[in-house]
Amino acid sequence: MNTGARIEFHHVFPRARVQPVYAKEEWNSLANLAFITGQTNKMISSSLPDAYMQGVATERLAEQWIPADPELRTLDRFPGFLAARRALLVDVLNRLLGLPAYAGQAAHQDTDELPDDEAVIAEDRAAPTLVGTRVQELRTEQGIEIHAIYEGRRAQAFYDPSSRIVSIHSGPGRGEYESPSGAAAAVVRALNPHIKPNRNGWAFWTVTSTGNLLQSIRQ
């Protein structure tokens with residue numbers, strides 16, 4: 001059998017793009033999986049849906065229950081894409097089982113229990129060290145200006161490289177946090193309270209002046 005014609009499962013948002021930013025239960029969920037040929041999988045590689053879906057016919061996307069809204073195909077809209085695709089999948093399963101059409105997500109009390117604050121991703125205070133010269137160049141009176149975009153919302157903050165404290169002054173999750181990961185979890189918790197908020201803060205936040213991830217000032 002031609003290996004290029006073999007059916008493979010494919011992450012709609014490629015793992016390489018979402019793993020640094022989102023939790024495994026999100027990017028490895030059924031709502032982010034599709035079945036395509038091995039050849040197509042290789043062609044897509046690590047491209048995001050907003051790029052590779054432009055050349056795919058609408059009816060082909062519908063066959064995979066891909067939400068029609070193209071605005072849900074960018075990295076920052078990944079949680080919204082998952083929610084929309086889950087609704088489509090639930091609806092088709094209900095129809096197959098002869099159940100009523102899915103009317104939307106009901107408020108539920110049995111969602112994954114959120115971890116305690118102490119369960120936020122642990123960060124080693126000793127290593128890696130910060131890049132001294134670059135940090136001083138980026139530093140302002142309030143710290144290094146950083147931001148994150150999650151579910152289409154922008155959170156703006158300052159990072160103190162001496163204490164590693166992140167202060168979110170604008171957007172969701174406002175407050176002061178002991179680490180970038182703690183601050184990242186606060187943003188996720190504010191906007192998407194029904195999922196576990198653990199995030200790697202170094203890959204979640206972007207240095208505003210350079211456009212690079214916060215981890216770029218580590219060595």
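- When all heavy atoms are compared, the tightest approach of S179 to G182 is OG-N, 3.0 Å.
- Residues E178 and R164 have side chains not in contact (no heavy-atom distance under 4.5 Å, counting atoms from C-beta outward).
- A donor-acceptor contact shorter than 3.5 Å is absent between the side chain of R189 and the backbone of G173.
- Aromatic rings of H10 and F35 (six-membered ring for Trp) have centroids beyond the 6.0 Å cut-off, not under it.
- The ring of H11 has its center closer than 6.0 angstrom to the ring center of W27.
- By the 4.5 Å heavy-atom criterion applied to side chains, L72 and F78 are not counted as neighbours.
- Contact of the Q156 side chain with the E145 side chain is registered, since non-hydrogen atoms from C-beta on lie closer than 4.5 Å.
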> Which is it for V18 and L75 under the side-chain contact (heavy atoms from CB on, under 4.5 Å) test, yes or no, and what are the steps along the way?
Replying inline: CA-CA 7 Å; V18 292; L75 187 59; 3.7 Å; yes

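- Side-chain contact between S46 and R15 is absent, with no heavy atoms from C-beta onward closer than 4.5 Å.
- Summarising the geometry, atom OH belonging to Y22 is positioned 12.5 Å from atom OG belonging to S29; distances are rounded to the nearest 0.5 Å.
- Two rings, from Y150 and W205, have their centers 6.0 Å or more apart.
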Less than 3.5 Å apart, which donor and acceptor atoms pair up between the side chains of residues 53-61 and the rest of the protein, not counting sequence neighbours?
unit_1	atom_1	unit_2	atom_2	d
Q54	NE2	D50	O	2.8
R60	NE	E63	OE1	3.0
R60	NE	E63	OE2	3.4
R60	NH2	E63	OE2	2.4

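- Closest of all the heavy-atom pairs between A157 and V166 is CB-CG1, 3.8 Å.
- Between the side chains of D160 and S163, a donor-acceptor pair is found at a separation under 3.5 Å.
- A donor-acceptor contact under 3.5 angstrom links the side chains of H147 and T208, judged on distance only.
- I168 and L213 fall into different hydrophobic clusters, where Ile, Leu, Val, Met, Phe, Trp and Tyr are joined by side-chain heavy atoms under 4.5 Å apart, directly or via other members.
- Under the 4.5 Å side-chain criterion, counting only non-hydrogen atoms from C-beta, V92 is not in contact with L88.
- Contact check for I146 versus F158: no side-chain heavy atoms found under the 4.5 Å cut-off.
- For D69, the side-chain hydrogen bond (donor to acceptor under 3.5 Å, both in side chains) test picks out no residue, with sequence neighbours left out.
- The shortest heavy-atom contact between P161 and Y159 is CD-O, 3.3 Å.
- Not a single donor-acceptor pair under 3.5 Å links the side chain of R174 to the backbone N or O of S167.
- Across all their heavy atoms, P79 and E151 have their closest contact at CB-OE2, 3.0 Å.
- For the pair I195/V188, a side-chain contact is recorded, criterion being any heavy-atom separation below 4.5 Å from C-beta on.
- The existence of a salt bridge linking E26 and R199 is confirmed by a sub-4.0 Å separation between a basic side-chain nitrogen and an acidic carboxylate oxygen.
- Considering CD of Q19 and CG of N200, their distance stands at 10.5 Å, rounded to 0.5 Å.
- Here N32 contributes atom CG and L82 contributes atom CG; the two are 6.0 Å apart, rounded to the nearest 0.5 Å.
- V21 pairs by the side chain to side chain contact (heavy atoms under 4.5 Å, CB included) definition with F204, not counting sequence neighbours.
- Remark: side-chain polar atoms of R154 are not paired, donor with acceptor, to backbone N or O of I149 under 3.5 angstrom.
- Closest approach of G201 and A184 over heavy atoms only: CA-CB, 4.1 Å.
- A single hydrophobic cluster is not seen to contain both M43 and I7; linkage of ILVMFWY side chains at heavy-atom distances under 4.5 Å, directly or through other members, places them apart.
- Separating the OG1 atom in T206 from the CG atom in L214 is a distance of 8.5 Å, to the nearest 0.5 Å.
- The cluster map of Ile, Leu, Val, Met, Phe, Trp and Tyr, joined by side-chain heavy atoms under 4.5 Å apart, puts Y177 and L191 in the same cluster.
- For R85 against P67, the heavy-atom pair with the smallest separation is N-CG, 3.7 Å.
- Put simply, the side chain of S47 gets close to the backbone of I44: a donor and an acceptor are under 3.5 Å apart.
- The CG atom of N192 sits 8.0 Å away from the NE2 atom of H194 when rounded to the nearest 0.5 Å.
- Between the side chain of R73 and the backbone N or O of F81, no donor-acceptor pair lies under 3.5 Å.
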